[in-house]
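Heads up, the thing below is written out as structure tokens.
Values reported hereafter were calculated over all heavy atoms of this structure, with side chains retained and with hydrogens, waters and symmetry mates removed.
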Amino acid sequence: SIDEAAGFAWPMLRVRSGLASRPRGRSGRQRGGGCIRTRARVQEDEECLELHVGGGTLRFETGEVGRQANGAVMATSGETVVYTTACFEDSDIEPSADAFLPFQVNYTERFSAAGRTSGGFVKRDGRPRDSEVLTSRLIDRPLRPMFEKGWAKDTQVLAWVLSYDGVNSTEPLAITAAAVALALSEAPLKKPVAAVRVGCLPEVGMVLNPSIQQMEDSQLDLVIAGTEDAVLMIEGYADFFTEEQLLEAISMGQNAISMMCRDIDRWVSNVGKAKRKDIQQPKHEELESFIMHNYAAKIRSALISPGKLERQEAIATAKEAVLQSVEEHFGSKYDSNVVSMIFKRLQSQVMRKCVLEEGLRSDGRGIKDVRSISARAGMLPRTHGSALFTRGETQAIAVATLGCEKSAQRVDTIASEENESRRFYLQYFFPPSSVGETGRVGGPGRRELGHGMLAERSLLPIIPDEDVFPYTIRVESTITESNGSSSMASVCGGCLALMDAGIPVKDMVAGVAMGLILEPNGEFVVLTDILGSEDALGDMDFKVAGNEEGVTAFQMDIKVEGITTDIMKVALQQAKEGRLHILKEMKRCLEQPRVSLSQYAPRIEVISIPKNKSMELIGPAGRTIKSITEKCGCDSIMVMDGGNKVQINGPDESSVASAIEMIEGIVAEPEVGKIYRQCPVKTITPFGCFVTIFPGKDALCHISELALERVASVEEVVSEGDFLDVMLLEVREKDKKMSVSRKAVLLLESDSAEEKLPEDVAASS
């Protein structure tokens, strides 16, 4: 066959009626390689599809569960099972110029899938957790552009993780399952969509759909979705990967997706429902021709305005003129919503023509130019670290806050371990005032969570290891002005805030957003540092973050098919040039982290102690360690690492230093013959005095050991509260009582003084 001649083969189709038998457990299996093992078998009435991808099997079953849904599928990988449905309303939503496709995705992880219950107070699965919202976004992004234009019915995809084996990840399975459910339904999805994860293991290389255990060692986490012909969505995080390595991973993932989609298409054509044809696609050629002929120049003039607000005002004026002219010329023939949609479509055409034919962008920049950049660190006096980052009309205030282990972000998902937490996290805030509007203010929306996670993962590779810097680090980014890629402004501002806080970051990281104008004939232009209008009217939003050597995070969403490897190669290279320019500007603000922490930052010190002393430090029922915490004014003192280390968390340096002194006194082993300086006299007795050589450890200095000459009374030499230098003479084996001598120190010091005198003076003395 043609496929065999080209070196390809079909994935195996296993078909039968009814629900497939439960798969055998695959826990602990080793997976790897990028191949797709392939065979094909076609039977009638097939309701089960199996694909062998990257050493694992993906199974999709329909026909038994969820039969009243318009499309339903049970997707299985190992013992991970995701049940997904697709439904839509029969009535159309009134179209408008600003309306998005009425499409909603909700992904839910049931704790029962992993044999657990939620760690929170409320045990019922309810409000989506952040991780579920992020996965919902992953599912939505590649599917949204694949609906036929004009589809205006409220469409919903629901996905539930019903079984989780801790080996097979759910994200690529959930994306593919959602696409299969839509493909089986009557909803007009243009083509099947599939997704895979690509990792990169040391000494192994690129791995397709790696296991959860393999991902712990992976230097790359790439989720890629697409059709048989093109990439639709990319989201990935890496340890400073080069552009060439990323292209290799993307190519590997797309090859697998292409073959998966081809087979899904064959299967769906046999078992899926006929697609709905009642799609609103009015041409309105007469209206388009009228507006373009009379107002193209005015639209162009409005688009080529230097400032965002000025541009918006000019476009609004042009739109009002178009609405008035259409009403005068056509009367009530065209609704204002229709005119607005045509006007927006023509805006896109004019903008694209300016870029392709003239190399002219809305704000007058060249296609590779980055907007002007300014940055200021330390702008907020009482925070631990802060920075104001401005790029054109996009601006972010980033604040870094240090804390102890208690400040870490708790993680509670089906994949998390008990008491798992994140010591570094970034939270992103996008108030409506940043774009001059009013609106809802409260908990984070899906967009805020997605942008925050992208910025967080961009910065994560430069966060110092815990044994080097034991603090919990929180970064918050508040967008104060927005006109394109506020998430990448959060990366830049966040990096500067970390450095301003004195955190010893491994390197500096910056981010930039790339856009694309792609014509049906294959002609394209990649735009650096896109504006909001170029994002809205263009074909791609490709965000890339990293340092001078490599990439730490990247995210791509496109609105059209046809993104090729050549286009991505150009985009990645252009993004690198833009990133290097931004890093250069950031270094003008701060080139190295501050040498010390803010005076308002807490202090954390970790000291080592003998393991056999940990219980003595803790004390009965924790009384000793609690007493030290209270006396020194520390926030907490924790014994860690099996009793070998102690972490002291305090509000300032003095409290931590006091606690360390007390701890060292408790765990220190007294050394016979060692001199202990400035030991306070605790009590006086007729036969001597007791001095404290360690906190909580007293020793007797007998009256005969107080001075070089004979002493009649202890009070002649010392009083309570005085400080003495003493030498430890003995530690009794039986009761560990200690005796010290001040006389031994005086003798030693007098001998040393004589040695330093001239010979004749020493002899006379």
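When all heavy atoms of S362 and L303 are compared, the pair lying nearest together is CB-O, 3.3 Å. Across N70 and S185, no two heavy atoms sit closer than the pair OD1-CB, 3.1 Å. Scanning both residues, L583 and N547, for their nearest heavy atoms gives CD1-C, 3.7 Å. Between I479 and A396 the shortest heavy-atom distance is CD1-CB, 3.8 Å. When all heavy atoms are compared, the tightest approach of L138 to P142 is O-CD, 2.9 Å. The nearest pair of heavy atoms linking S490 to S477 is OG-OG, 2.7 Å.
Here OG1 of T565 is found 10.5 Å from CG of L572. Values are rounded to the nearest 0.5 Å. A distance of 10.0 Å separates CE of M252 from CG of L222, quoted to the nearest 0.5 Å. Atom CD1 in I558 sits 4.5 Å away from atom CD1 in I563 (nearest 0.5 Å). The distance from the CG atom of L287 to the CD1 atom of I342 is 5.5 Å, given to the nearest 0.5 Å. The distance from the CE atom of M540 to the CD1 atom of I567 is 8.0 Å, given to the nearest 0.5 Å. Interatomic distance, N294 CG to H329 NE2, rounded to the nearest 0.5 Å: 7.5 Å.
A 6.0 Å sphere centred on CZ of R127 holds no more than 12 heavy atoms belonging to other residues, nucleotides or ligands. Applying the 6.0 Å contact sphere to CD of E327 captures no more than 12 heavy atoms from other residues, nucleotides or ligands. Heavy-atom neighbours of E358 CD from other residues, nucleotides or ligands within 6.0 Å: above the threshold of 12. More than 12 heavy-atom neighbours from other residues, nucleotides or ligands sit within 6.0 angstrom of NZ on K190.
In this structure, S251 contributes its side chain and E248 its backbone to no donor-acceptor pair below 3.5 Å. S258 places no side-chain N or O within 3.5 Å of a backbone atom of Q254 that could act as its donor or acceptor partner. E357 places no side-chain N or O within 3.5 Å of a backbone atom of C354 that could act as its donor or acceptor partner. Side-chain atoms of E313 never come within 3.5 Å of backbone atoms of E310 as a donor-acceptor pair (strictly under, hydrogens ignored). The closest donor-acceptor contact from the side chain of S458 to the backbone of L454 lies under 3.5 Å. The backbone N or O of G366 lies less than 3.5 Å from a partner atom in the side chain of D369, making a donor-acceptor pair. Without hydrogens or angle criteria, T394 side chain to G484 main chain gives a donor-acceptor distance under 3.5 Å. Judged purely by atom type and a 3.5 angstrom limit, S386 uses its side chain to pair as donor or acceptor with the backbone of M379.
Salt bridge status for R345 with E288: present, with a side-chain N to carboxylate O gap under 4.0 Å. Contact check on K275 versus E148 returns no salt bridge, with no Lys/Arg side-chain nitrogen under 4.0 Å from an Asp/Glu carboxylate oxygen. Using a 4.0 Å cut-off between a side-chain N of Lys or Arg and a carboxylate O of Asp or Glu, R371 and D363 do not qualify as a salt bridge. With salt bridges taken as basic N to acidic carboxylate O contacts below 4.0 Å, none links D539 and K559. Looking at D229 and K191, a side-chain N of the basic residue comes within less than 4.0 Å of a carboxylate O on the acidic one, giving a salt bridge. Between E286 and K333, at least one side-chain N (NZ, or NE/NH1/NH2) sits under 4.0 Å from a carboxylate O, which counts as a salt bridge. One finds no salt bridge joining E186 and K273 here, because no Lys/Arg side-chain nitrogen approaches an Asp/Glu carboxylate oxygen to under 4.0 Å. Using a 4.0 Å cut-off between charged side-chain N and carboxylate O, R579 and E243 make a salt bridge. The existence of a salt bridge linking K543 and D541 is confirmed by a sub-4.0 Å separation between a basic side-chain nitrogen and an acidic carboxylate oxygen.
Annotation: side chain of L360 is in contact with side chain of R300 (closest heavy-atom distance under 4.5 Å). Looking at R361 and E534, their side chains come closer than 4.5 Å, going by heavy atoms from C-beta outward. Annotation: side chain of M586 is in contact with side chain of C492 (closest heavy-atom distance under 4.5 Å). Proximity of I315 to R311: side-chain heavy atoms (C-beta onward) are separated by under 4.5 Å at one or more points. At a threshold of 4.5 Å between non-hydrogen side-chain atoms, the residues V223 and I175 count as touching. Under the 4.5 Å side-chain criterion, counting only non-hydrogen atoms from C-beta, I462 is in contact with C495. T552 is not listed as a side-chain neighbour of R457, based on a closest heavy-atom distance of 4.5 Å or more. Using a 4.5 Å cut-off on side-chain heavy atoms (C-beta onward), I234 and M568 make contact.
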**Chi angles and distances behind the side chain to side chain contact (heavy atoms under 4.5 Å, CB included) call for R447, R137** = CA-CA 9 Å; R447 179 180 177 276; R137 283 172 54 86; 4.3 Å; yes
**Prompt:** After noting the C-alpha distance and the side-chain angles of Q427 and E476, does the key distance pass the side-chain hydrogen bond (donor to acceptor under 3.5 Å, both in side chains) rule?
**Reply:** CA-CA 5 Å; Q427 294 169 334; E476 60 183 66; over 6 Å; no
**Request:** Take T84 and Y107 through the side-chain hydrogen bond (donor to acceptor under 3.5 Å, both in side chains) test and state the conclusion after the steps.
**Result:** CA-CA 9 Å; T84 308; Y107 165 90; over 6 Å; no
**Prompt:** Which is it for E393 and K308 under the salt bridge (charged side-chain N to carboxylate O under 4.0 Å, His left out) test, yes or no, and what are the steps along the way?
**Reply:** CA-CA 8 Å; E393 295 170 306; K308 176 184 176 181; over 6 Å; no
**Request:** List the steps and the verdict of ring-ring contact (aromatic ring centres under 6.0 Å, His included) for F88 and W151.
**Result:** CA-CA 11 Å; F88 58 85; W151 179 251; 5.1 Å; yes
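For the residue pair T480 / Q395, a side-chain donor-acceptor distance below 3.5 Å is found, with atom types taken as modelled. Residues S325 and Y295 bring a donor and an acceptor atom of their side chains to less than 3.5 Å of each other.
Remark: V370 engages I373, R391, T528, D529, H581, I582 in a side-chain contact (heavy atoms from CB on, under 4.5 Å) (not counting sequence neighbours). For K298, there are no salt bridge (Lys or Arg N to Asp or Glu O under 4.0 Å) partners, not counting sequence neighbours. By the side-chain contact (heavy atoms from CB on, under 4.5 Å) test, S433 pairs with P431, sequence neighbours left out.
Using cut-offs of 30° and 60° for the angle between ring planes, the H451 and Y428 rings count as tilted.
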Distance-only donor-acceptor hits, side chain of residues 514-525, under 3.5 Å, sequence neighbours excluded:
residue	atom	partner	partner atom	Å
E519	OE2	R352	NE	3.3
E519	OE2	R352	NH2	3.3
N521	OD1	E523	N	2.9

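Taking the ring centroids of F554 and F542, they lie at or beyond the 6.0 Å cut-off.
Among pairs with a residue in residues 331-364, those fulfilling ring pair (Phe, Tyr, Trp, His ring centres under 6.0 Å) read H284-Y334, F330-Y334, at least two apart in sequence or across chains. The list of ring pair (Phe, Tyr, Trp, His ring centres under 6.0 Å) pairs with a residue in residues 235-260, not counting sequence neighbours, is empty.
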